[in-house]
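Read through the structure below, which is laid out as structure tokens, and then see the notes.
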Amino acid sequence: MNISNPSPPHPVAPRFGEIETGTELPAIELCYSQPVIDRYALASLDMNPVHTNEEWAARAQVFGMPETVGHGMMTMSSLASVVSRAWGPVSANGGSIRFVNATFTKPVRVGETVVAKGYVKKKHHHGEGRNWVEVKVEARDTSGDVIGVADVGYNLPD
Amino acid sequence: MQTPDRLNRYIETQRQKDFERQFHLGWEQYETWEEATVGERADASHTFTVADDDVASYNRACGETDPLYVDPEYAGVHSPTGELLQHPIFVTAVAFYCIGSSGIGSWIRTPGARNPGQQIEINEPFGVGEVITTTITTRQKFVQRGKHYLTMFMEFRNQDGVLKATWDCSLILPATRADVGRFVHA
């Protein structure tokens, strides 16, 4: 990896005074293949067989279907990624994620491609150094069904 | 038996190698919905010492490829923190490691559990080398439309007592140990 590039620290978040409600963030896309789910199981240390063991999942039918599904926390991660990729979990100019509140509405079947996108829903004016925005994020599966929604709070620089 | 051997090819960290990957092993000791006591508060059984490879592995599993997320050397020069950027839901790995397979909160490992939604607050990212303790308070349990909900509030603090993050964690659970057993033996 070349680290000699003298580019300044990044990413950079927009300033609170400059952003408008309704501003859209770039969509993100992730295919929930079984290997991707397997990797998530290891990375999160959540080895629940409903995500990784096809034979057990077929017998147990936890979600009423005979197959493995993606982790709810993986869906939450995809939802949060919309904001963290756009502005950074922390930004070089003082921004940071403050919360992620997610609701899951449909299990994600293996092989689904999840697309998540969001927009600035509300600006919270609390004074210098304390302003933040609420980003509404929604994720859909390949058939267009909503699989999860989230409100993401983000501290923006003034 | 429950976790296929094929997952071994994706192991990236010593923690993943050492962690008990058989989800049902010791299920007889998991706390159940029926047994959980609202108001009980205790530290989880393990602490989590944050390492670069834990963070990078979680980031990669979320699809991150930017070197700020996966290359510690690059991030050391270019990221705002001087460390890898940390996916905001990385706390999931911290929680599953700290809770383990017995005691308060171990119902997070329940076979047959369903995840209705979660609330995570982040005060600041976990720092590499920090030793994270998870304190758990059993918050609420109730039945709604025949589903048994259990909620715990997790506080994640570093070795200096600084509150790094919280997680209001809810699951829909099989109610009794016998109900859990039916999933274990499915």
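Sequence lines set the chain letters: A, B, ... in the order given, protein chains first and strands last, and positions in each chain run from 1.
For the pair M47(A) and F19(B), the tightest heavy-atom approach, listed with the atom from each and the gap, is CE-CD2, 4.1 Å. Between P11(A) and L68(B), the shortest heavy-atom contact is CD-CD1, 4.0 Å. When all heavy atoms of C62(B) and Y40(A) are compared, the pair lying nearest together is SG-CE1, 4.2 Å. Between N101(A) and I120(B), the closest heavy-atom pair is OD1-N, 4.0 Å. Heavy atoms only, all atoms of each residue included: L45(A) and A93(B) are closest at CD1-O, 3.7 Å. Here the closest non-hydrogen pair linking V90(A) and P125(B) is CG1-CG, 3.8 Å.
Of the inter-residue distances, the one linking I89(B) atom CD1 with S44(A) atom OG reads 12.0 Å to the nearest 0.5 angstrom. Atom CD1 of I97(A) and atom CD1 of I122(B) lie 5.5 Å apart (nearest 0.5 Å).
Contacts with chain B were tallied for C31(A), S77(A), G148(A); S77(A) has the most, counting heavy-atom pairs under 4.5 Å. Residue with the most contacts toward chain A among F183(B), Y97(B), F96(B), Y69(B): F96(B) (heavy-atom pairs, distance under 4.5 Å). Heavy-atom pairs under 4.5 Å with chain B were tallied for L79(A), V100(A), V152(A), T103(A); the largest tally goes to V100(A). In terms of heavy-atom pairs under 4.5 Å with chain A, the best-connected choice from S57(B), A186(B), P111(B), G76(B) is A186(B). Among S91(A), A102(A), A58(A), the residue with the largest count of heavy-atom pairs under 4.5 Å with chain B is A102(A).
Neither the backbone nor the side chain of T166(B) comes within less than 4.5 Å of any heavy atom of chain A. At a 4.5 Å heavy-atom cutoff, T75(A) makes no contact with chain B through either its backbone or its side chain. With a threshold of 4.5 angstrom between heavy atoms, P35(A) approaches chain B through its backbone and through its side chain. Heavy atoms of S96(A) lying under 4.5 Å from chain B are absent altogether. At a 4.5 Å heavy-atom cutoff, F90(B) makes no contact with chain A through either its backbone or its side chain. Only the side chain of E54(A) comes within less than 4.5 Å of a heavy atom of chain B; its backbone N, CA, C and O stay farther away. Both the backbone and the side chain of L42(A) come within less than 4.5 Å of a heavy atom in chain B. Proximity to chain A is limited to the side chain of R6(B), based on heavy atoms less than 4.5 angstrom apart. At a 4.5 Å heavy-atom cutoff, the contact between A41(A) and chain B is made by side-chain atoms alone. Using a 4.5 Å cut-off between heavy atoms, I108(B) makes no contact with chain A at all.
Around the CD atom of E28(B), the shell of radius 6.0 Å holds more than 12 heavy atoms that belong to other residues, nucleotides or ligands. Heavy atoms of other residues, nucleotides or ligands lying less than 6.0 angstrom from CD of E24(A) number 12 at most. Atom NZ of K136(A) is surrounded by more than 12 heavy atoms from other residues, nucleotides or ligands within 6.0 Å. Atom CZ of R109(A) has 12 or fewer heavy atoms from other residues, nucleotides or ligands within 6.0 Å. Within 6.0 Å of CG on D5(B) lie no more than 12 heavy atoms contributed by other residues, nucleotides or ligands.
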Item to check | Residue pair L7(B), T52(A): steps toward the side-chain contact (heavy atoms from CB on, under 4.5 Å) verdict | outcome: CA-CA 8 Å; L7(B) 266 71; T52(A) 59; 4.0 Å; yes
Item to check | Intermediate values then yes/no, salt bridge (Lys or Arg N to Asp or Glu O under 4.0 Å), E64(B) and R39(A) | outcome: CA-CA 13 Å; E64(B) 304 300 344; R39(A) 283 180 186 273; over 6 Å; no
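Taking 4.5 Å as the limit, some side-chain heavy atom of R114(B) sits within range of a side-chain heavy atom of F63(A). Looking only at side-chain heavy atoms (C-beta outward), F104(A) and Q118(B) come within less than 4.5 Å of each other. Two residues are said to be in side-chain contact when any heavy atoms from C-beta on lie closer than 4.5 Å; N48(A) and R109(B) fail this criterion. Counting only heavy atoms from C-beta outward, the side chains of H87(B) and P89(A) never approach each other to under 4.5 Å. Looking at heavy atoms from C-beta onward, F23(B) lies in side-chain contact with D46(A) at the 4.5 angstrom threshold.
Ring pair H24(B)/W56(A): centre-to-centre distance below 6.0 Å.
Both M74(A) and L171(B) belong to a common hydrophobic cluster when Ile, Leu, Val, Met, Phe, Trp and Tyr are linked at side-chain heavy-atom distances under 4.5 angstrom.
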